[in-house]
Amino acid sequence: MGFIGINIEMDNMAIIRPRLNDYYNIPVTQNEVDFAIPYLDEDIPLYLDPFLLWKSPSQQDNSLHTAITNCFNNLGKLVTTGKESVALDILIQSSECNEVGLGNSKKRKGTCIGEKKGLEILSLFKDIPQIKESGFVHFEEIQLYVESISKDRVSDIACNFIKSFLIDFTLEQCDKYNIPIDRTKIKVYDYKTHNFIDEETYLPQNPSTREPILLVPKRWLRFVPWINSEDYCDNFFAKKILKPGEILPDRIKILSYNRNNYDQIQTYLKIKERSSKDCANDPLFTSIPILSAKNKISTILKIPTGKDGNADKKYENNICQLLPSIFYPHLDFASEQSRTDSGILIRDLIFYNNRSLSFLQYFYDEYNCRQIVFELKNVKELLPEHINQVNRYLCEQFGKFGIIVTRNPPLPKIVRNTINLWGGNRKCILILSDSDIIQMCNIYENKQRFPIEVINKKYVEFTRLCPS
């Protein structure tokens with residue numbers, strides 16, 4: 001079991017999009033852990049897809065899928081035995097799972113479905129004879145019958161019905177990575193009583209809200225469930241049901257058709273099952289292919305300096321697409337941050353410093369660098385004001401280490417400016433030019449070394465110029 005951390009205080013550093021491991025100073029990358037690292041102040045834009053558990057080679061995953069399906073089908077049993085109010089209460093409680101932090105909420109706080117929507121879902125067990133008799137095999141097909149039920153509800157319902165497993169998985173990962181856990185109460189679904197009960201356990205907690213956090217295996221996560229209404233409408237209804245020349249009806253009419261044509265839905269589900277080999281989990285970050293990286297650098301080199309024709313925006317956009325892939329998996333991408341400085345729109349790239357390499361650990365220790373900010377400047381010549389600009393926000397928020405990405409190597413006077421800044425305040429500002437970005441892309445292509453090592457090379461060159 002992970003160590004219990006009750007009164008751990010975060011330092012005064014404000015992290016952009018803070019994650020659980022950042023708060024507790026745990027140096028792991030998203031690539032190396034088996035779970036989706038949760039944000040503390042917003043959701044992860046992914047969803048648990050029950051179909052991934054159904055198609056998994058793991059018997060454990062298959063059993064969990066069966067448990068989810070049985071729990072949902074038990075609602076139908078309650079409905080058909082005169083206990084609709086009990087079924088409704090369970091369904092409403094299962095419709096939101098804030099502990100997993102999956103979805104699009106910016107506050108890690110969602111809302112349960114209302115009574116009206118819950119009754120509409122439960123009516124499927126009464127209005128469709130086949131469902132009344134046999135229940136669901138893939139409960140996510142409710143998206144094809146009920147308006148406003150989509151990936152977020154499917155994910156939350158599934159998570160709630162296997163919350164007991166997620167607690168065990170979370171404790172296992174906390175023990176493995178030394179993530180602090182605290183005593184907490186959490187509602188779990190009891191398979192014996194078929195109801196939600198309060199359980200006391202130990203889990204990591206959100207430092208701001210003290211709400212418990214559950215970790216979810218990456219292998220179950222997708223941006224869109226394999227079975228979803230958009231896919232059904234575009235790739236089945238429009239192609240298999242509509243006659244040539246017919247216009248796709250509105251969603252309400254399609255849902256009504258589905259309720260009255262159960263066999264068509266089953267045909268769609270069988271197609272999805274047969275193509276299950278194409279269903280895979282979605283990674284939280286995907287690097288661009290080598291060819292795309294080469295195309296990006298080619299595009300960047302053709303962009304003129306300055307702002308004419310939105311050249312600065314084109315430069316920023318291409319750099320913002322290139323660098324997260326170049327640095328992955330050693331730096332996890334945190335955010336593109338647009339801000340205004342004296343009326344000028346500036347684009348920053350911010351990465352978590354996971355300390356995955358020795359020199360990144362050194363930056364963390366020497367410069368208090370918990371996040372690395374990259375300032376993008378599409379200018380022909382860097383000026384002292386550009387250095388001063390970066391200097392102003394190299395403080396507690398980012399530490400005392402930052403990088404400027406620009407077009408040409410800096411003039412000697414600018415280099416002296418950065419050296420003086422280091423000598424006076426022990427702040428380090430490195431400058432990468434087009435030639436450095438080209439070198440990174442070449443390394444990215446040949447895979448002999450890591451592109452991020454160019455930053456270490458630039459730092460070594462910088463320190464040789466600094467006074468001893």
Side-chain angles (χ1 to χ4, degrees), residues 47-50 53-54 60-103 108-128 131-143 145-146 148-149 152-171 183-203 205 209-217 220:
Y47 304 87
L48 187 149
D49 185 356
L53 282 75
W54 178 86
Q60 179 188 67
D61 289 0
N62 298 161
S63 297
L64 289 170
H65 182 270
T66 300
I68 293 169
T69 306
N70 289 344
C71 292
F72 195 82
N73 284 335
N74 185 66
L75 300 177
K77 180 180 178 181
L78 292 172
V79 168
T80 56
T81 55
K83 299 178 181 178
E84 187 174 69
S85 61
V86 176
L88 179 62
D89 182 59
I90 295 172
L91 178 59
I92 290 174
Q93 288 190 71
S94 70
S95 65
E96 186 60 48
C97 189
N98 291 318
E99 296 91 347
V100 296
L102 300 175
R108 276 189 65 99
K109 194 76 173 178
T111 55
C112 295
I113 60 172
E115 181 177 318
K116 181 178 179 181
K117 188 59 63 178
L119 290 172
E120 189 177 350
I121 294 172
L122 294 178
S123 71
L124 300 176
F125 291 104
K126 296 185 292 184
D127 297 344
I128 302 177
I131 293 178
K132 180 179 181 180
E133 180 180 349
S134 303
F136 293 91
V137 174
H138 300 287
F139 91 93
E140 56 267 43
E141 72 180 86
I142 61 174
Q143 301 169 90
Y145 302 117
V146 182
S148 301
I149 297 297
D152 54 341
R153 294 303 179 194
V154 167
S155 174
D156 284 333
I157 291 171
C159 287
N160 270 309
F161 284 144
I162 57 171
K163 197 180 284 184
S164 180
F165 169 84
L166 293 177
I167 290 172
D168 292 340
F169 175 78
T170 299
L171 289 174
R183 184 186 294 273
T184 187
K185 280 187 177 181
I186 187 171
K187 284 190 176 296
V188 299
Y189 189 81
D190 183 0
Y191 298 113
K192 295 177 181 177
T193 63
H194 291 290
N195 214 330
F196 283 96
I197 60 172
D198 287 325
E199 180 174 309
E200 235 184 46
T201 185
Y202 287 89
L203 287 172
Q205 293 185 7
T209 64
R210 308 311 299 173
E211 295 292 326
I213 290 175
L214 289 174
L215 306 178
V216 183
W220 296 347

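Heads up: numbering here begins at 1 and tracks the sequence.
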Which atom pair, heavy atoms only, marks the closest approach of [X] to [Y]?
X: Y202; Y: R183; result: OH-NH2, 2.7 Å
X: L48; Y: A158; result: CD2-CB, 3.6 Å
X: G101; Y: R108; result: CA-NH1, 3.5 Å

Which residue in the set N62, D61, T69 passes side chain to side chain contact (heavy atoms under 4.5 Å, CB included) when paired with H65?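 Per the side chain to side chain contact (heavy atoms under 4.5 Å, CB included) rule, the option paired with H65 is T69, out of N62, D61, T69.
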N195 and side chain to side chain contact (heavy atoms under 4.5 Å, CB included): which partner among D190, N74, I90?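 Of the listed options, the one satisfying the test is I90.
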Do R153 and I142 have side chains that approach each other closer than 4.5 Å (heavy atoms only, starting at C-beta)?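 No, every pair of side-chain atoms sits at 4.5 Å or beyond.
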Review item, side-chain donor-acceptor pairs of residues 81-88, under 3.5 Å, at least two apart:
{"unit_1": "T81", "atom_1": "OG1", "unit_2": "K77", "atom_2": "O", "d": "2.7"}
{"unit_1": "T81", "atom_1": "OG1", "unit_2": "L78", "atom_2": "O", "d": "3.2"}
{"unit_1": "E84", "atom_1": "OE2", "unit_2": "K126", "atom_2": "NZ", "d": "3.0"}

Using atom types as modelled and distance alone, determine if a side-chain donor or acceptor of N98 lies under 3.5 Å from a backbone N or O of G110.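 Checked: pair present.
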Flag, side chain of Y47 to backbone of D156, donor-acceptor distance under 3.5 Å: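 Pair absent, no side-chain N/O of Y47 close to backbone of D156.
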Working to the nearest 0.5 Å, report the span between CD1 of I186 and OG of S164. 10.0 Å
Ring-plane angle category for F165 and F169, please: parallel below 30°, perpendicular beyond 60°, tilted otherwise. parallel
So F136 and F125, would you call those rings parallel, tilted or perpendicular, with 30° and 60° as cut-offs?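 F136 and F125: perpendicular rings.
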Tell me whether the count of non-hydrogen atoms from other residues, nucleotides or ligands lying under 6.0 Å of CD in E199 goes above 12.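 Yes.
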